[in-house]
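Below: the structure, in structure tokens.
Everything quoted here is computed from the prediction, not taken from an experiment. By convention here, the first residue in the shown sequence is residue 1.
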Amino acid sequence: MSIAKNSALIFGGTGAVGKCLVRDALASKTFARVLTLGRRPVVTDDSFVNTTVLEQKTVDFDHIQDSFPSDLPQVVFCTLGTNLTSAPSREAFKKIDQQFVVDSARHVHENAPKDPQTGRSKVHFLYCSGIGANPNSFFFAARTKGETEQALAEIGFERVSIFQPAILKVVEPRESVTMVERAATRMIPLLEFVAEKSTTVSVATVAKCMRLVGTSDSVEVAGTAPKKVEIHPGSKTTVAYYSNANIHDIVNNART
């Protein structure tokens, strides 16, 4: 399988962060090709520009191997996910938030060209996780996301970048809003007044940050270092973790 350095693959382009990421990737004109893989296509409107480079493919994440591109982009974004209030069960949450993410990532790695010396796949995999993600957390959602982060680090990519935003501010109305989400939305103005950089962030800001990191050769972007960088002891993958404050700083300091 060949690899394209000036193209991007986006898993989960129909979600709040994912749709902003598709829009931003196109508007930046950084990529000659933007490919989305999702359960349904991204609905575009006049706010999407440069759509001639956009390709969309509908996939069944239970059988991701049956619908994979033959020419794999070097930069792979993943914004797949849900929340416990929207998922019908904990099992469904974990399937979407972890199984689909990790299965997709493993398939990317298995089919991507490898460095002959290290065996790592020549891919930069960028994943939108969440604040508090920890495989040892008492809380189910945070533990699931932490386990997902851990699995991605073990796969064998050249680079993995993990973004841990706090409360997300949407830019488009959601089709369905739970009582918990309504309550969180009402709290956002107060949280922003107290400590915006550590408590809230726009989905558009997360998307732009992911694109900026994805197109950077360094883990430090726009003068901002990630909160943590480590070399996984098994895979030797460089794993960078970007906090909510990092996300704000990168976008605020960036020129594009």
Side-chain angles (χ1 to χ4, degrees), residues 3-13 15-36 72-81 101 104-105 108-109 112 120-131 133 145 148-150 152-153 155-166 168-169 171 197-198 200-232 235-256:
I3 192 162
K5 294 185 177 181
N6 64 338
S7 60
L9 169 60
I10 300 174
F11 288 108
V17 174
K19 191 170 183 178
C20 286
L21 181 55
V22 175
R23 185 186 289 113
D24 182 84
L26 294 172
S28 71
K29 297 184 178 179
T30 305
F31 304 105
R33 178 183 180 227
V34 176
L35 172 65
T36 67
L72 186 68
Q74 187 182 35
V75 181
V76 179
F77 300 98
C78 183
T79 59
L80 285 169
V101 173
S104 298
V108 169
H109 170 68
R120 294 192 297 273
S121 53
K122 299 178 181 179
V123 169
H124 183 186
F125 194 94
L126 300 96
Y127 169 58
C128 184
S129 181
I131 193 170
K145 287 187 181 295
T148 302
E149 292 181 359
Q150 195 172 58
L152 293 175
I155 286 174
F157 294 115
E158 190 172 88
R159 285 176 65 187
V160 169
S161 294
I162 293 172
F163 302 83
Q164 299 175 327
L168 294 171
K169 298 184 291 181
V171 296
K197 284 178 62 173
S198 59
T200 67
V201 64
S202 165
V203 291
T205 299
V206 177
K208 184 173 182 178
C209 180
M210 292 182 73
R211 190 259 302 171
L212 290 167
V213 174
T215 53
S216 173
D217 291 330
S218 170
V219 295
E220 183 175 318
V221 182
T224 301
K227 74 169 186 178
K228 181 173 70 172
V229 180
E230 59 187 17
I231 306 298
H232 189 273
S235 66
K236 305 303 179 184
T237 295
T238 299
V239 186
Y241 297 84
Y242 296 87
S243 68
N244 201 72
N246 293 154
I247 293 169
H248 277 286
D249 289 341
I250 288 171
V251 172
N252 290 338
N253 296 338
R255 295 180 180 179
T256 57

request  = Go through the steps to decide whether Glu149 and Ser129 satisfy the test side chain to side chain donor-acceptor pair (under 3.5 Å), and finish with yes or no.
outcome  = CA-CA 8 Å; Glu149 292 181 359; Ser129 181; 2.7 Å; yes
Distance in Å, [X] [atom1] paired with [Y] [atom2], rounded so as to fall on 0.5 Å steps:
X      : Y      : atom1 : atom2 : answer
Lys236 : His232 : NZ    : NE2   : 9.5 Å
Lys228 : Asn246 : NZ    : CG    : 12.5 Å
Leu152 : Tyr127 : CG    : OH    : 7.0 Å
Lys122 : Glu158 : NZ    : CD    : 8.0 Å
Leu21  : Cys209 : CG    : SG    : 11.0 Å

What closest approach, in Å, do [X] and [Y] show between heavy atoms, and which atom pair accounts for it?
X      : Y      : result
Thr79  : Gly13  : OG1-N, 4.4 Å
Val219 : Pro226 : O-CD, 3.3 Å
Ile247 : Val206 : CG2-CA, 4.0 Å
Asp24  : Ala207 : OD2-O, 4.4 Å
Leu80  : Gly12  : CD2-CA, 3.7 Å
Ala240 : Tyr242 : CB-CE1, 3.7 Å

task = Apply side chain to side chain donor-acceptor pair (under 3.5 Å) to Gln164 and Lys145, showing your working.
result = CA-CA 10 Å; Gln164 299 175 327; Lys145 287 187 181 295; over 6 Å; no
[X] side chain near [Y] side chain, heavy-atom distance below 4.5 Å:
X      : Y      : answer
Val76  : Leu126 : no
Phe163 : Val213 : yes
Cys78  : Cys128 : no
Thr238 : Val160 : no
Phe77  : Ile10  : yes

State whether the side chain of [X] and the backbone N or O of [Y] hold a donor-acceptor pair below 3.5 Å, judged by distance alone.
X      : Y      : result
Thr215 : Arg211 : yes
Asn244 : Ala166 : yes
Ser202 : Ala204 : yes
Ser28  : Thr30  : yes
Asn253 : Asp249 : yes
Thr36  : Leu9   : no
Ser235 : Ala153 : yes

Ser121/His109 under side chain to side chain donor-acceptor pair (under 3.5 Å): CA gap, chis, key distance, verdict = CA-CA 6 Å; Ser121 53; His109 170 68; 2.8 Å; yes
inquiry  = Using the salt bridge (charged side-chain N to carboxylate O under 4.0 Å, His left out) criterion, which residues pair with Lys208? Sequence neighbours excluded.
reply    =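 For Lys208 there are no salt bridge (charged side-chain N to carboxylate O under 4.0 Å, His left out) partners, ignoring immediate neighbours.
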Exercise: do His248 and Thr205 side chains pair donor with acceptor under 3.5 Å =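 Note: His248 and Thr205 side chains miss the donor-acceptor criterion.
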query = Between Phe157 and Phe125, what is the ring plane arrangement, given parallel below 30°, perpendicular above 60°, and tilted in between?
reply =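 Plane angle under 30°, so parallel.
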